[in-house]
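Following: one structure in structure tokens, then a few remarks.
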Protein chains: 2
Amino acid sequence: MVDTNQPELHRASAPIRVGVEVVVFTIRDESLHVLLAPADTAWHLPSDLVRPDEPLDVAARRALTDVAGASEVWLEQLYTFGDVARDPHARTISVAHYALVSADVVSDHADPRAQWWPVATLPQLMLDHRRIIDYALTRLRNKLAYTTVGFQLLPQRFTLSELQRVYEIILDRELDKRNFRRKVEMLGIVKPTREQRASITGRPAQLYRFVATEAPEVIGAPYPLTVAQSPVQIARISPVLRRRGRVVPVSPSEGNR
Amino acid sequence: MVDTNQPELHRASAPIRVGVEVVVFTIRDESLHVLLAPADTAWHLPSDLVRPDEPLDVAARRALTDVAGASEVWLEQLYTFGDVARDPHARTISVAHYALVSADVVSDHADPRAQWWPVATLPQLMLDHRRIIDYALTRLRNKLAYTTVGFQLLPQRFTLSELQRVYEIILDRELDKRNFRRKVEMLGIVKPTREQRASITGRPAQLYRFVATEAPEVIGAPYPLTVAQSPVQIARISPVLRRRGRVVPVSPSEGNR
DNA sequence: GCAAAAGTGTTTTCATTACACCCATGA
DNA sequence: TCATGGGTGTAATGAAAACACTTTTGC
């Protein structure tokens, strides 16, 4: 809150618990997976309560590390879920995050019971975690089209075919090889390395690395996106209009573009 | 949080305060304004603490109503600011929202000391409220280009020139009248009414109303944005690439597109 | 030599842009 | 009649989409 100068506006500090949840995405076996940990009757996202002396992202990174092992991964705040009844035990608001990891980063989990689940066939989930995953997936699809987040799902060096597969898997749609390569080339966001990768069969592929682009700030950091936007549209998203009334209940904001 | 089945993962409930803040935008005098309330030495956003028995959006709407009077307005969650030091008095995380209101809706404030400030010339602000406004503005600019939020800043009936002015003011750029009208026409998101508005001088203008479009869900609601996206691009945003490293600190996620 | 994946250009289509004049009204 | 804002169409540009064959390697 804010108005420490206007104590009359403030009510007694409320016993609301603050937690973080992390939807950890990776690509394995040609499909998008989410990391889940088992509980008694259902699975759940990596999560924890926020400590009084730590920022939200640190809590999220800790939750992630406890389950996945890795912590040096791309992480972004997603949305804050605060329904009164979302956790029947105690009023708990959850600052949900999502993370993207390369399959080579987290092969061995810190929590051995944790498992990767394909987003297409998720198990029974606790509380509102299904909804959180759905929203994270929506956000990921959106951001994939106008940012370079997709690279976070690949190792440092990758082939253009691998990059294209990332896009195809997440967007769930085939892309034209030549158009894709021309676009990536034109954007100047990859650079060939001196290495090639021998494929199991067929011609060896050139290995590329991701290369940072012009603008001063990092995707995922909002405030510095002062004026100019809309970078890196690799795949056009189908133009469908959305309906919309005049007064709208607040709910997970489509998120941020 | 989640794992009520794994109490060992949980730490004692933390004394963290949960607040909401609302960036209320409107257009007046040909520029975008934000509603602020005065405190001793600085101005601040409408805000309040979240009560244990209310959802976040209800708290936000209450904070809004207390200051602005109106409550039947468009409201969306923006981002959750949770830096440890953002409020020196007590650890307080703030679930920031933004609201769009038509100038005709809030002429008389509930709090008579509240004032509209042009976003271009804001006064001294409390805590991190400047940053919250900056981010809300970024989000608004982004969403304006691919959603129909802009209509929330207009009364029920409006002229196409008024609509165009909304876009020009927020995007801070002139738009071509014919191109703008063709686009709006093509999108089918406005419908002429039987009324006209006599302008102070010159030809009377046709009044239009906003009309909902195809897709099943409401903008601002994320999870139902299942697959298809990218509607209503009224103004193209300049194509600038953003730089991006591999590991990114979490910060106000550009938000959601 | 053949199976398998890598790599490479051109044409069509469509949306965005740029651009200038007539119309209806009140004073 | 004139000042003011409302209203209208067409051509040029540029990005996205569609489309098929050659190359390199291992076996």
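Note that the structure is predicted; figures quoted are calculated from it, not measured. A note on names: the letters A, B, ... follow the listed sequences, proteins ahead of strands, and every chain is numbered from 1.
Rounded to whole Å, atom C1' of C:dT8 lies 14 Å from atom CD of A:Gln164. Atom CD in B:Glu185 sits roughly 15 Å away from atom P in C:dA15 (whole-Å rounding). To the nearest angstrom, P of C:dC14 lies 13 Å from CE of B:Met186. In this structure, CZ of A:Arg173 is placed 11 Å from C1' of D:dA16, rounded to the nearest angstrom. What separates CZ of A:Arg197 from P of D:dG26 is a distance of 16 Å, to the nearest Å. Straight-line distance from the CZ atom of B:Arg165 to the P atom of D:dG6: 11 Å, rounded to whole Å. Atom CG in B:Asn179 sits about 15 Å away from atom C1' in C:dC14, given to the nearest Å. In this entry the distance linking CG of B:Leu163 with C1' of D:dG7 reads 15 Å, nearest Å.
Note on A:Glu30 versus A:Arg165: salt bridge recorded, some NZ/NE/NH1/NH2 to OD/OE distance being below 4.0 Å. At a threshold of 4.0 Å, the pair A:Glu168-A:Arg173 does not count as salt-bridged, since none of the basic side-chain nitrogens sits closer than that to a carboxylate oxygen.
Checking the phosphate oxygens (OP1, OP2) of D:dG26, no side-chain nitrogen or oxygen of A:Thr201 falls inside 4.0 Å. Taking 4.0 angstrom as the limit, A:Arg181 places none of its side-chain polar atoms (N or O) nearer than this to OP1 or OP2 of C:dT8. Look at A:Ser161 and you won't find any side-chain N or O under 4.0 angstrom from OP1 or OP2 of C:dA5. Using a 4.0 Å cut-off, some side-chain N or O of A:Lys183 falls inside it from OP1 or OP2 of D:dA16.
Residues B:Tyr135 and B:Arg139 have side chains that bring a donor and an acceptor to within less than 3.5 angstrom of each other. Under 3.5 Å, the side chains of B:His129 and B:Glu21 contain a donor-acceptor pair of N or O atoms.
Each of B:Asp176 and B:Glu162 has a nearest nucleotide on DNA chain D; the 5'-most of these lies closest to B:Glu162. Residue whose closest nucleotide on DNA chain D sits further toward the 5' end, between A:Arg203 and B:Gln196: B:Gln196.
Between the side chain of B:Arg178 and the base of C:dA20, at least one donor-acceptor pair of N or O atoms lies under 3.5 Å. Taking 3.5 Å as the limit, the base of C:dT10 and the side chain of A:Arg182 contain a donor-acceptor pair of atoms between them.
Here the CZ atom belonging to B:Arg203 is positioned 16.0 Å from the CZ atom belonging to B:Arg197, to the nearest 0.5 angstrom.
For A:Lys177, counting side-chain heavy atoms from C-beta on, the closest listed nucleotide (D:dT8, C:dG7, D:dT24) is C:dG7.
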